[in-house]
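Accompanying notes for the structure given below.
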Number of protein chains: 4
Amino acid sequence: MSSKPDLNIGLIGSGFMGKAHVFGYATAQKTFDLPFNLVFHTAADISDQAATRAAAGFGFAHATADWRDMVTNPAIDVVSITAPNALHKEMALAAIAASKHVYCEKPLAPLAVDAREMAEAAETAGVKTQVGFNYLCNPMLQLAREMIEGGELGEIRGYRGLHAEDYMADASGPYTFRHDPAGGGALADIGSHALATAEFLLGPIAEVMGDLATLIPTRPDGYGGTKLIEVDDVARAFLRFENGATGSIEGNWIATGRKMQHDFEVYGSKGALSFSQERLNELHFYDTADAKGRQGFRRIEAAPEHPPYGNFCVAPGHQIGFNDLKAIEVAGFLEAVAGRGPEPFNFRSGLRIQTLVETIQSSSAQRVWKTVAT
Amino acid sequence: MSSKPDLNIGLIGSGFMGKAHVFGYATAQKTFDLPFNLVFHTAADISDQAATRAAAGFGFAHATADWRDMVTNPAIDVVSITAPNALHKEMALAAIAASKHVYCEKPLAPLAVDAREMAEAAETAGVKTQVGFNYLCNPMLQLAREMIEGGELGEIRGYRGLHAEDYMADASGPYTFRHDPAGGGALADIGSHALATAEFLLGPIAEVMGDLATLIPTRPDGYGGTKLIEVDDVARAFLRFENGATGSIEGNWIATGRKMQHDFEVYGSKGALSFSQERLNELHFYDTADAKGRQGFRRIEAAPEHPPYGNFCVAPGHQIGFNDLKAIEVAGFLEAVAGRGPEPFNFRSGLRIQTLVETIQSSSAQRVWKTVAT
Amino acid sequence: MSSKPDLNIGLIGSGFMGKAHVFGYATAQKTFDLPFNLVFHTAADISDQAATRAAAGFGFAHATADWRDMVTNPAIDVVSITAPNALHKEMALAAIAASKHVYCEKPLAPLAVDAREMAEAAETAGVKTQVGFNYLCNPMLQLAREMIEGGELGEIRGYRGLHAEDYMADASGPYTFRHDPAGGGALADIGSHALATAEFLLGPIAEVMGDLATLIPTRPDGYGGTKLIEVDDVARAFLRFENGATGSIEGNWIATGRKMQHDFEVYGSKGALSFSQERLNELHFYDTADAKGRQGFRRIEAAPEHPPYGNFCVAPGHQIGFNDLKAIEVAGFLEAVAGRGPEPFNFRSGLRIQTLVETIQSSSAQRVWKTVAT
Amino acid sequence: MSSKPDLNIGLIGSGFMGKAHVFGYATAQKTFDLPFNLVFHTAADISDQAATRAAAGFGFAHATADWRDMVTNPAIDVVSITAPNALHKEMALAAIAASKHVYCEKPLAPLAVDAREMAEAAETAGVKTQVGFNYLCNPMLQLAREMIEGGELGEIRGYRGLHAEDYMADASGPYTFRHDPAGGGALADIGSHALATAEFLLGPIAEVMGDLATLIPTRPDGYGGTKLIEVDDVARAFLRFENGATGSIEGNWIATGRKMQHDFEVYGSKGALSFSQERLNELHFYDTADAKGRQGFRRIEAAPEHPPYGNFCVAPGHQIGFNDLKAIEVAGFLEAVAGRGPEPFNFRSGLRIQTLVETIQSSSAQRVWKTVAT
């Protein structure tokens, strides 16, 4: 009954993030008035078996073990890339060359130089792109940004950002591609989220000083031996924002007990905000304009007043989840694909994060402050 | 590519709960390995226009202003009823008569006598039924029940349950169908959730003493006049469980500031649990077996160890939302439809809640303790 | 150097509450500008040894094994009674007869009839009295009452109060005087605190319905046998306040894991309050006048704006503790002794609590609602 | 009745910290079995009037406007210094020269070079000293240290420490002695607390990188003009501990809304701790040894198992306050004075903090990492 044009989706990869993309598309289709009728066209994975299983499990009409066939298939409109990081560039460039819109999981590429090539290719080709920084899609983060931009906190002075988890805290966990010196490490993997949130809220970071440390020096190599770890387990950085604010972030993948400590606090002259992804439907707001003796951090619960929460639920406080963030990301991207809005976080933005990561890495290696290239 | 049989869905109603059903089906389709390929067949609403809009918005192939046509359509397999409460019975009986499986929003019917007729009709017809008590679908509640049944808390002694919101706290809010003396009131509307959770966790309630109160005695009638309110704004009940535990619940729709205070605490001889739907991905557990000086309520975050959380996300602590609870409800119901599992919360269970509600209501009216009919 | 008159203190008992009284006097002496110079004159306990040890430990000049000698000693101005509950009456009446001001730990007496005799004796004698309900002395409770009385919450509609601990949760714990059918049980012991707070905040309770339950039916008698328990482990009550508000309280001494769950929530037409003694320096306030999209419970931290916090610390958020509450209690009582203010919680108030307790007990026994005698 | 020797106390200053010392002595006298009978001998302040008022208010027998008279008075045993920071050195050296034990508020002196002179003078004279870092006296911090030292967290890897308040957040607040370039700034004033806690828990810091920033560049000078601010409003530092752990701290006196955010998190290979002074009676502990599916941060409430909590209250969870921390500090100091225990935090420790502060300051000024002198 829909008179909307079809949008044929091709997916590469079917792990954690492959699933998240599918859930995102499926949920967005129902919760938003998208400009397209989404069609789960082709699932690509590393073998026929894996691809077929993914297609069946996720409801794609076709399956292929050759992602190249899929990205050059004229029927495909959008390509979702959720393959290992090292493959993002080749896949994205091929898709862009075939004039597909591309939704690529983060990091855009292990190295900024590659991310730049990808961003420029997309811009030249005129296709729309999206990098998966879904924490930014939280209505509470949108609210935080609005409040900051609207002056509700006054002049912004201080920022503390974090992204800490514990998935690498077990020293007996084996070496993985995330430990690859080219593009690996806690800063690149999750500190990047803390950086994305910092700039999302306060604008460009001008200068950084990094401190990266490896706390688990070797890991099992999976073949009975051990492998030296060269990447950071914990990364910290001092930040100077262009707007004059100062701050810090930490990326940490050995934070025992933490599953999703993507937190921030913002201090301004008139108010403050405090947020934890551990309770992602809440934003805590301190307003110096409150009456004396009645001041305090106020726990704002996500509600229809905080778009696009209302797309998910008309009642306040009922809460959205991680996959819903992905649906919001999809919706924003597809609005851009339809030419109805700006790209929420395109390859250029992904490059920006990669640039920040590398600047902090080199700052740490050289133990000096670095200006962030614009 | 799916070799699963199609299951054609018919939906009646497209408001808050209509949407929630659609989101539930759509999400379940992607997150669970359902026994069926779900087909959004027909959306029914009170007018052609409303039905057409719902069909377009939700992705149904057909629309109708006559729900009777839909429930008797041989193509339809499952009927979702999200119309106003007073219509549930007529719709469900018609659907059952046409041998459809029925997924009905709560309350099953305004009166227990009607709910009983519905439950018996379904049982006679041999169709599968589900009533929407989705808070029970939370992996944290499943965990709580498992812990209680597994003896982790020892002998259960005390229970406190709540469901408080503030959607009726504004005295200038008009009279609605929820204020109808036949089936309305805070206890029926949301106290019923507190009752469902109490029995889900501790088993049957044997005896109750109720106290219902109307705090906002009149409301605008929508036509410039006022209307006397006869139903409860706040309902409290003492509970005696068959297992010997004692407890209380409160249902409250004028709890200013509360959006989703569906909370409980369970106290046993060996441990305790504390939960708030305001932070639905957490269960707090006190274990007397912890070392002395190291005891305390432990904040367990939802993780893949707590099925079916892992269907939504392979990483712990990333969180599910309200609509995901609905997807879990759908998945359980469809397993039952396929004959692969028991009905999670069928019409008989819905009748049970209605019976509890009415027993508490009459206890309050007569100001005496009442035994709950089994 | 002080030109203040001396006030000679006599103390009976040196256990938990004996210490708390001493700490209260000592702290009050330093933190408040009291009308007196406090002199720790005589400590009385059940034996010479116990009394001497108490005097040495607490800094009393004299010790006695005969409390009667002490209460009739003309040098003594104020008598602090922290002996077992069953002795309160005899001691207090003797002290009153000797024209002493009396500060008696709660409960004033096991039975209301005795409490009444004590209150009347004090009033006739014209001495000042105080019963130890120190949770009421918390600046956050004073703030809560002020806000309610000042109309900041609008019309008050709903109340939930609790006092739950777990000191009786271990079924192998022996029978104690607290299990004595005459005056014992969870309601009398700690539910009384929940009642005191309820009336402190909302004013008189008009009607109650009680539900008391014994969950641990026997306990070791300390001599190798067991003893039947006749008092309540958990007590619940529905409340109707004179101002029209409705509510409930629970007293529970088998709440595994809870050490000080003296909590309340108050719901009004314009706002709400939430408090837990577990975080006694915080009061959470929801204000419907906050801007839309910015509403939420606000965590107000105790500060000099909330008297008498400033007597303890000039800086906000530094926090007071349990013993400081006792100091505030002492200060208020001594102001009354000096004729500079009303008695904060005198024997008449203690009688009131005892009356409430007994009304709830008899309501529970008879399973009927009871009007509270005024 | 006490057979303990008298200990005559002289106090200099009667502001916030003067009061806190008096409260500390008074409370310690009652809560601890101190080796002395404390005598409030002489209060010194800047004028006869101020001194007399302090003596009367605090219960000192004598008053003087000349602190030199007091510190050389043979009757005085212990001198408490709570005068402005710039005077600490002169006062302490005079007291030490007169063989008094000295309890000096932090910072010991504005500059490390002076602190060193003071520490050495005390050591040469053989008197006992104490610097006021009372947050370390919290039973929860003692517990945290014990757990870390006892290996309950395994190998320590990461640390985050904070001390943030907002007492300088208002840009219209005037220039004070805390803004003096010699010894002022947020790092020296409260970041020093974060440093003290970091070393208290994890041991010596080996290397630091600092980042200090001034966000409010000028302040009213109190005479109608403005004054340039040269000290830091926010200070951040990266830390490398001798034990191999890495970490960071922040000191911030413009953290709008924060009154006492003295927080830390410690991450080890086997567990983690999280603490906030905003809830000073709680320590949150994550134990990887907990059963799978039952893991989570556990809220340990201060209890008699955590000495010296039991000195204040025999019941768990009743809570101590800020002034009680001061009493614990006093008790530890007086044990040392009596030769019954080590000095808890002597002038040498105060010097250490000053050294850390200055190393971070110079690191920030030069924008290079610095090794901390031992």
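Each chain gets a letter, A, B and so on, in the order the sequences are listed, and its residues count up from 1.
With contacts defined as side-chain heavy-atom distances shorter than 4.5 Å, the pair Arg236(B)/Arg236(C) does not qualify. Residues Tyr286(C) and Arg258(B) form no side-chain contact, since every pair of their non-hydrogen atoms from C-beta on lies 4.5 Å or further apart.
Heavy atoms closer than 4.5 Å to chain B are found in both the backbone and the side chain of Phe238(C). For Tyr159(C), the part lying under 4.5 angstrom from a heavy atom of chain B is the backbone only. Neither the backbone nor the side chain of Glu278(C) has a heavy atom closer than 4.5 Å to any heavy atom of chain B. Residue Thr288(C) touches chain B through its side chain alone, counting heavy-atom pairs closer than 4.5 Å.
Put simply, NZ on Lys270(C) and CG on Asp170(B) are 13.0 Å apart, with the number rounded to the nearest 0.5 Å. Here the CG-OH distance, from Asn252(B) to Tyr267(C), works out to 7.5 Å after rounding to the nearest 0.5 Å.
Heavy-atom pairs under 4.5 Å with chain B peak, among Gly268(C), Ser269(C), Gly247(C), at Gly247(C). The most heavy-atom pairs under 4.5 Å with chain C, out of Gly271(B), Ala245(B), Ser274(B), come from Gly271(B). Between chain C and the options Glu155(B), Gln261(B), Lys259(B), the largest number of non-hydrogen pairs under 4.5 Å is found for Gln261(B). No other option in Thr246(C), Leu153(C), Val234(C) has as many heavy-atom pairs under 4.5 Å with chain B as Thr246(C).
Thr256(B) places no side-chain N or O within 3.5 Å of a backbone atom of Ala272(C) that could act as its donor or acceptor partner.
Contact record, Ala171(B) with Arg157(C): CB-NH2, 4.0 Å, taken as the closest heavy-atom pair.
Listed by sequence position, Glu207(B), Met209(B), Gly210(B), Asp211(B), Leu212(B), Ala213(B), Leu215(B), Ile216(B) are the residues of residues 204-219 of chain B in contact with chain C, using a 4.5 angstrom heavy-atom cutoff.
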